[in-house]
A.B. asks: 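Take this structure, written in structure tokens, and hold onto it; I'll ask about it next.
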Amino acid sequence: MLIWIKCCGGHILYDIDATKLDSAFPKQKFDTIIFQFPNVGSREGKYGHTSNHVMVRKFLRAAKLCLDMHGKVLLTLVDNPHYRGIFKPDEAAIFAGYKTPHSYPFDASKFRGYAHTNTNDDDSAAQSYNRFVTWVFEPE
Ligand SMILES: C[S@@+](CC[C@H](N)C(=O)[O-])C[C@H]1O[C@@H](n2cnc3c(N)ncnc32)[C@H](O)[C@@H]1O
């Protein structure tokens with residue numbers, strides 16, 4: 001993934017909290033913000049939801065503040081009812097102020113140099129499944 005970004009002329013920044021993107025980039029605006037396979041690496045719950053559910057909602061809310069006029073946020077997840085139940089993309093969109101998201105299949109083989117990285121040494125969802133989906137969120 002990092003090699004791919006570098007090849008495209010991108011800069012790599014570390015230690016950016018996705019839930020606080022607006023603090024990390026108070027002035028800069030982006031046309032596309034992408035988070036591939038968000039996972040906090042913890043199964044603990046917060047506010048009656050999984051940590052992943054909470055993190056993604058906070059990310060979507062913060063990312064919206066960093067988008068330019070026609071900007072969008074892309075979120076790639078495992079495509080199955082379990083993951084849809086954790087992240088609830090439609091409800092997350094309402095929560096964070098986006099239109100109902102549309103989606104398309106994500107095929108890693110189409111992105112030369114892309115390799116999935118696990119959060120911990122735990123099982124990788126991306127390696128255990130073969131159907132993935134990219135959700136596209138556009139602000140209301
Ligand atoms: C399953 S890995 C996917 C990594 C990479 N995006 C990919 O597609 O291979 C999940 C990533 O989400 C990151 N993550 C979790 N919570 C985060 C947060 N609040 N801010 C930024 N990254 C976070 C983890 O550090 C980990 O790198």
Side-chain angles (χ1 to χ4, degrees):
M1 176 80 151
L2 298 187
I3 292 168
W4 187 61
I5 291 170
K6 281 182 187 161
C7 287
C8 297
H11 300 282
I12 314 287
L13 304 175
Y14 294 92
D15 293 327
I16 305 287
D17 183 346
T19 66
K20 296 182 180 145
L21 274 187
D22 51 324
S23 307
F25 302 104
K27 299 218 173 82
Q28 217 170 333
K29 300 291 176 201
F30 300 89
D31 57 9
T32 311
I33 297 175
I34 304 172
F35 199 163
Q36 295 290 112
F37 301 103
N39 180 8
V40 301
S42 156
R43 294 181 203 280
E44 274 174 33
K46 267 189 193 168
Y47 320 121
H49 295 288
T50 66
S51 304
N52 282 324
H53 172 105
V54 174
M55 187 271 279
V56 161
R57 284 178 179 221
K58 288 184 175 172
F59 159 66
L60 287 171
R61 210 165 47 182
K64 189 168 160 235
L65 302 173
C66 302
L67 291 174
D68 65 17
M69 206 159 69
H70 300 292
K72 53 186 182 296
V73 177
L74 308 186
L75 194 67
T76 298
L77 305 172
V78 173
D79 187 16
N80 73 19
H82 174 71
Y83 281 88
R84 257 195 308 282
I86 290 175
F87 293 105
K88 295 190 169 66
D90 286 4
E91 289 179 22
I94 294 168
F95 172 86
Y98 293 84
K99 297 174 195 165
T100 302
H102 61 275
S103 65
Y104 54 85
F106 172 73
D107 178 356
S109 70
K110 299 251 161 69
F111 297 88
R112 198 158 52 89
Y114 173 82
H116 184 72
T117 310
N118 293 353
T119 304
N120 300 319
D121 287 335
D122 56 358
D123 289 344
S124 161
Q127 281 151 12
S128 310
Y129 299 98
N130 55 16
R131 281 172 57 95
F132 310 106
V133 58
T134 296
W135 292 92
V136 182
F137 294 83
E138 292 167 294
E140 285 270 39

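Ligands are counted one by one from 1 in listed order, and the atoms in each one are counted from 1 as well.
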A.B. asks: Would you kindly say whether T50 and N52 are connected by a side-chain donor-acceptor distance under 3.5 Å?
C.D. replies: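 There is no such pair (donor and acceptor under 3.5 Å, judged by atom type) between the side chains of T50 and N52.
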A.B. asks: Is there any side-chain hydrogen bond (donor to acceptor under 3.5 Å, both in side chains) pair reaching into residues 71-80, and which pairs are they, with sequence neighbours excluded?
C.D. replies: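 The answer is Q36-T76, T76-T134, D79-R84, D79-R131.
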A.B. asks: Can you find a non-hydrogen atom of F59 under 4.0 Å from ligand 1?
C.D. replies: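 Distance cut 4.0 Å: F59 fails for ligand 1.
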A.B. asks: Once you measure the plane-to-plane angle for F111 and F106, does it fall in the parallel (<30°), tilted (30-60°) or perpendicular (>60°) bin?
C.D. replies: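 Ring orientation of F111 relative to F106: parallel.
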A.B. asks: Are there over 12 heavy-atom neighbours, none belonging to E140, within less than 6.0 Å of that residue's CD?
C.D. replies: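 More than 12 within 6.0 Å, yes.
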A.B. asks: Where's the contact between T76 and ligand 1, heavy-atom distance under 4.0 Å: side chain, backbone, both or neither?
C.D. replies: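 No part of T76 is near ligand 1 at this cut-off.
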A.B. asks: Judged on heavy-atom distance to atom 11 (C) of ligand 1, which of T19, I16, D15, N39 sits nearest?
C.D. replies: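 Going through T19, I16, D15, N39 one by one, N39 has the nearest heavy atom to atom 11 (C) of ligand 1.
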A.B. asks: Counting only heavy atoms, tell me which of H116, K20, M55, Q36 gets closest to atom 17 (C) of ligand 1.
C.D. replies: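 It is M55 that holds the nearest heavy atom.
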A.B. asks: Any chance you could measure I33, atom CD1, to L65, atom CG, to the nearest 0.5 Å?
C.D. replies: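 Reported value, rounded in 0.5 Å steps: 9.0 Å.
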A.B. asks: I need the atoms of ligand 1 closer than 4.0 Å to a non-hydrogen atom of F37, numbered in the order shown.
C.D. replies: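 Numbered from 1, ligand 1 contributes 1 (C), 2 (S), 3 (C), 8 (O), 10 (C).
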A.B. asks: Using a 3.5 Å cut-off on N or O atoms only, is D17 in polar contact with ligand 1?
C.D. replies: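 Yes; at least one N/O pair falls below 3.5 Å.
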A.B. asks: For F35, is at least one N or O under 3.5 Å away from an N or O on ligand 1?
C.D. replies: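 Between F35 and ligand 1, no N or O pair is found under 3.5 Å apart.
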A.B. asks: Tell me if the NZ atom of K29 is crowded by more than 12 foreign heavy atoms within 6.0 Å.
C.D. replies: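 Yes, because the 6.0 Å sphere around NZ of K29 holds more than 12 heavy atoms from other groups.
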A.B. asks: E138: what forms a salt bridge (Lys or Arg N to Asp or Glu O under 4.0 Å) with it, not counting sequence neighbours?
C.D. replies: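 With neighbours one apart ignored, the set is empty.
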A.B. asks: Out of S42, A18, G41, who gets a non-hydrogen atom closest to atom 18 (C) of ligand 1?
C.D. replies: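 When every heavy atom of S42, A18, G41 is considered, A18 comes closest to atom 18 (C) of ligand 1.
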A.B. asks: With atoms numbered from 1 as shown, which atoms in ligand 1 lie under 4.0 angstrom from a non-hydrogen atom of T117?
C.D. replies: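 Heavy-atom distances to T117 below 4.0 Å select 1 (C), 2 (S), 3 (C), 4 (C), 7 (C), 9 (O).
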